[in-house]
Each structure stands twice: as structure tokens, then as C-alpha cells.
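Below you'll find the structure, written out as C-alpha cells, and then a few comments.
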Amino acid sequence: MAVDYVLEDLMAKLGEFGRYQAIQFFLQVLSGVTAGLHMLSLVTVAAVPEHRCFIEGVDNSSYSFTPWNSSDILAAIPLKPSGELDNCHMYDAQNNTVACKSYVYDRTYYQDSRAIDWDLVCDRRWLGAVAQTVFMLGVFTGAVTLGGLADKVGRKTVFCWSALLQLVLGVAVAFIPEYFSFMATRFFLGMFGSAGAYICGFVLTMELVGASKRTACGITFQAVFAGGIMLVAGWGALFKERQLLQIVYGLHGLLFIGHWWWLDESPRWLWMQGRAEEAIDIVIKGLRINGSGIPVDKNYYLQKANQQTALEEKSSASLGDLFRTPNLRTKTLNVCLCWFANSIAYYGLSLSAGKLYGNPFLILFVMGLVEFPSYFTIIMILDRLGRRPITSTLMLAGGVCSIVAAFITQGSTTSTAIVMVGKLFIAGSFAVIYNYSAELFPTVVRNSAMGLGSMCARFSGALTPLITLLDSFDPKIPAVTFGLIALVSGIWVMFLPETMDQPMPESLEDGENFGKGDTWFAQCAGRKRRRDSIYPEDPEQMVPLKTMNK
């Protein structure tokens, strides 16, 4: 298939990572900031501070400054077995325990929040959980619909419209006074704020930079996402009023205004859609910005593009094509489970840490910061050890940590240490799976595959709170469940092919042929991994490698 060699030759002229790629990468990676920010914004905007019942004759309002350990309060509110005040009950005139009718909130860190405004506590606490679940369902929906749409209409188109809509919705949601309208707006904010721009930005990067730079760029996306989480904490500490805080979060969409003019479409996608002239023009623009001086024979590449015979198949490829052929179908299911398991293990390990006391903004900031050591390590070793062994090993280690933590006293130093180490492992494997997925699937369905994987991760994120309810039967069940899923996926990952130093597949045929017979077990048995096996052996289609590395 001449198109594969010609396209690789054309893209190779840009080099691995020049000035042009750096500019485009900066524009693309900004989507990670807002994705992380919107994903965790409810932690502050809808925060649930410490609360107790409003006591008539003692409290004046929900802003009461009556000390919570005063004799009047202790006489009116029962204590939990742990010795703390009961958050949801009080004594009536007959000294019977009854549910609260209204509440007093600790305003130390939060002046107000959606939870305070709507009393989303005690028997109404599930309404706050549903709001976050609805957001995750929006991300779930956007991952599939917008991912597939980007494969049809273009990465840049979906990126820019998603960026604009997240600006509008991110600010508008601050002014919505009613719960169900708030949930609906949050759903669409999840679609466009944490799915559309982020996934398209990641795929644009993977399709533009050279193979040796994909690891660093891909992991940087995950680090920037963690940076968005840290921004949630930083802005939350500065702005105490929830409406103003949400406006600040929403205004981060202004970062993307210039993308309509500065961001370029993926040359690979344009080429595979039969728009070779536009792809060539972008490469020529990139060469000019890089100052490389490498000439491009536009007529030659146009002629080669016109000779390809698979354009109709490529332009009509869709999400369903990921399941049409056996090898591609097996890889798709394997990767879907990997995304699902990484997400559920990560959130499961987070829940195992128990309740953390102290400044909530500092805690949230540290939770984002703790992921960085894992990312730095991955950047150093991923292109040396490969995607498959690192993903599998980290998932197995994270799964073991989750199971072990279930059998250790929660809150102890040992338990906390194991949980944090497990989070580092899972954060690392979660970062690798983004790169791994982008390199496993062909260009014509790459965005759809990334969207499908993200959908699986969001689905497991929505399921995690439901699984934790199983602790009513046995406190160990949730953590063991999370760990077992990670272990099963970690073992199955061994059957995926290695993508390190391999050319990215372009067509559906490439995707089906890529990595056949390449498993961890075959490698251990001494079978040498096939290189460039997605391409036919036709001397007339070969391109001198020396010209591709300039």
C-alpha cells in the first residue's frame, strides 16, 4: 500500500519535534488543563462541609458561630460511636433521636456551595452524588459521539467547537438556580469540557509528533490534567463564593479562543480522507516554521495520493470497524478492559485512603501533585522497556496493593502507604494506556478508539460509588473487587502487541495485520517480534530511511 510509505515519508520531513510541533503541542495540551479542572470542579463548587442539625434557641442561622463542643450543642445532638457529633440527627423534646429539619455548616473553608444552598446532606446526599455521576455520563457520551464525529469531520473542528461550548456552559452553569437544569448543563459540560477537546487534542498530538516524542508528549497530557486538578484547589482557596468560583473555572475556556486560527488539522487525517493537498500544505507550513529548508515536491505527493485505491474504505471507517475483524476486535476489547480497570482501580484505591482531615484545598492540591513522580518515571523508561510490559506490570502491582490494603486496618500508616503506592502504579499505567491506545489503532478510527476507551473509563468511574456500597456486606468486598479487575486486565494486556519503535497503522487493513502473533508469551518463548509487518514487501514502495530522519 503506497499510501503508508508516502505518508510516512511526508510526515518524516517535519522531523520528530521542531518549533512547529512545539507550537501546536502547546495549543493542544491546554485541553488537559480544562479537562482536569472541570472533572473535579464539584469538589469545591458543591463541597459538603462539616454540618450538624440546627438547634432552635441555640443557633440563629446556618451561619451560627455557636461552638460545636459547647454544652448546649452536646446536650442537643447525639454522638457517633467514634465520639463525633452526629451530622444528621438531634434530640427532640422527649429526648428521642430524630432527623434534622435544617442544618448548620462549618464555614471555615467554604462560604457557600451547591451542597449548602440545596442542603445536599444526610438523606439528600445522594442528589450530590448524582450530580457528579451525570457529569461522568456526559463525559461517557462525549467520548463516543465526539470521538467518532472527529474521525468524520476532523479533529480541529470538534476540538474548537467543544472548546467554545465549554466556555459558554462553564460560565452559564454558575447562574443556574434549579437542580435539574444544573444537572443537564453539567451533562453537556462533561461532553465538551472533559471529552471533546481533550481527546481530540491528544490524538492531534499523537498524529503530529515523531515516534520518539510521543511518550513525553502523551505523558505531559496526563501531567497537565493533574495540573488542572491542582488549579481547582488553588482557585477554590482564593474564591470562597461558589458562583464567582464557577465563573473563574468556566473562563478558562478563553484559553482556546485563538485555536480557531492557530490550530492546524491533523495532516494524517486529511491525507486519509483524500484531502492530500491540504495535508501537504500544512507540512510545508511546518517546515517553514521549523526553518529546516527541506524541499517538498507537492506534485509528487499529490500524484502518489491519487494512486491509492483504499480511499473509499478509509473515509467511511467508523466505530463499528473496530469490531469487524478478529485481530482488531480482540485488541479493541482488550484495550477497553484496560481503560475500565485502570479507572476503577484508581478510584478504588483513592476511596481506600479513608477520610483525610485538614485543609481540603491543600489535600486536593497534594492529590494532584502526587501523580507527577509516576509520570516523570514513565517518561524515562517507556521508550526503553516498552508499552506492554510497563502497562501490565503497573496494573498488576496496583491490583495487588488494592487487595492487600483491604486486609490492613484502614487509616493506619501501613494501609495509607500501600494505598498511595498503589495510586502511583495505577496513575502510571493510566498514563501509558493513552499512548498505547493511540499507537495500536489505525488512523481512520484512532479518534473513535480513543473515545471508546475513555468511555469505558468514565463508565467504571460512575460504577465505583455503587460498588463501594457492597461494604455493607463486607468492608473488604469493594477493594478486593477493584484489585481483581486490575489483575485480570493486567494479565490480558500481555496478549497485546508491542508498539514501541513501530510505525503507526493507517488503514483498517494495517490495524488488522499489526501485531499478529506478537504477545508477551511469544516474546518470552524466543520468537522475534516482526517489524513493520503492516506493510507489504514491495521494493518500489520503499523510501530511503536516510531522508526520513533529517
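On a predicted model such as this, the values are computed, not experimentally measured, just so you know.
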Shortest non-hydrogen contact from [X] toward [Y]:
| X | Y | result |
| --- | --- | --- |
| Ile282 | Pro267 | CG2-CG, 3.7 Å |
| Tyr105 | His51 | CD2-CB, 3.6 Å |
| Phe187 | Thr141 | CZ-OG1, 3.5 Å |
| Ser374 | Ala427 | OG-C, 4.0 Å |
| Arg387 | Thr391 | O-OG1, 2.8 Å |
| Pro49 | Ala47 | CD-O, 3.2 Å |

Report task. May I have the step-by-step check of side-chain contact (heavy atoms from CB on, under 4.5 Å) for Phe425 and Val421, ending in yes or no? Result -> CA-CA 6 Å; Phe425 288 141; Val421 170; 3.3 Å; yes
Considering only heavy atoms from C-beta outward, does the side chain of [X] approach that of [Y] to under 4.5 Å?
| X | Y | value |
| --- | --- | --- |
| Ile344 | Thr481 | no |
| Met191 | Thr145 | yes |
| Met183 | Val130 | yes |
| Glu439 | Pro505 | no |
| Leu440 | Val335 | yes |
| Thr205 | Val29 | no |
| Gln222 | Glu371 | no |

Query - Among Phe202, Phe26, Tyr375, the one residue meeting ring pair (Phe, Tyr, Trp, His ring centres under 6.0 Å) with Phe221 - result: Phe202
Report, as yes or no, whether the 6.0 Å neighbourhood of atom [atom1] on [X] holds more than 12 heavy atoms from other residues, nucleotides or ligands.
| X | atom1 | value |
| --- | --- | --- |
| Trp260 | CH2 | yes |
| Lys213 | NZ | no |
| Phe25 | CZ | yes |

Enter the distance from [X]:[atom1] to [Y]:[atom2] here, rounded to the nearest 0.5 Å.
| X | Y | atom1 | atom2 | result |
| --- | --- | --- | --- | --- |
| Cys200 | Trp269 | SG | CH2 | 11.0 Å |
| Cys338 | Met395 | SG | CE | 4.5 Å |
| Ile116 | Asp106 | CD1 | CG | 9.0 Å |
| Trp235 | Thr44 | CH2 | OG1 | 12.5 Å |
| Thr332 | Leu328 | OG1 | CG | 4.5 Å |
| Ile390 | Ile378 | CD1 | CD1 | 5.0 Å |

Report summary line: side-chain contact (heavy atoms from CB on, under 4.5 Å) with Asp112: of Glu241, Lys240, Gln243, only one passes, and it is Glu241
Looking only at atom types and distance, does a side-chain atom of [X] sit under 3.5 Å from a main-chain N or O of [Y], one as donor and one as acceptor?
| X | Y | result |
| --- | --- | --- |
| Ser489 | Ile485 | no |
| Ser343 | Phe340 | no |
| Asn87 | Glu50 | no |
| Arg155 | Gly201 | no |
| Ser31 | Gln28 | yes |
| Gln24 | Trp262 | yes |
| Thr157 | Gly154 | no |
| Ser266 | Leu204 | no |
| Arg186 | Phe135 | no |

Query - Stepwise side-chain contact (heavy atoms from CB on, under 4.5 Å) check, Leu120 with Val48 - result: CA-CA 8 Å; Leu120 303 182; Val48 182; 5.6 Å; no
Report task. Indicate yes or no: does Arg242 engage Asp117 in a salt bridge with an N to O separation below 4.0 Å. Result -> yes
Query raised in the report: Should the pair Lys285-Asp264 be classified as a salt bridge under the 4.0 Å nitrogen-to-oxygen rule?
Result: yes
**Report entry** Derivation and outcome, side-chain contact (heavy atoms from CB on, under 4.5 Å), residues Leu146 and Phe192
**Finding:** CA-CA 8 Å; Leu146 299 181; Phe192 301 110; 3.8 Å; yes
Please state whether the rings of [X] and [Y] are parallel, tilted or perpendicular, taking 30° and 60° as the class boundaries.
| X | Y | value |
| --- | --- | --- |
| Phe256 | His259 | perpendicular |
| Phe140 | Phe459 | tilted |
| Tyr249 | His252 | tilted |

Query raised in the report: Regarding Asn290 and Gln21, is there a side-chain donor-to-acceptor distance under 3.5 Å anywhere?
Result: yes
Query raised in the report: Between the side chains of Trp339 and Ser437, does any donor sit under 3.5 Å from an acceptor?
Result: yes
Just distance, no hydrogens or angles: give the donor-acceptor pairs under 3.5 Å from side chains in residues 159-174, sequence neighbours left out.
residue : atom : partner : partner atom : Å
Ser162  : OG   : Val158  : O            : 2.8
Gln166  : OE1  : Thr34   : OG1          : 3.2
Gln166  : OE1  : His38   : NE2          : 3.4

Query raised in the report: When you look at Leu37 and Ile229, which way does the side-chain contact (heavy atoms from CB on, under 4.5 Å) test go after all the steps?
Result: CA-CA 5 Å; Leu37 187 148; Ile229 295 174; over 6 Å; no
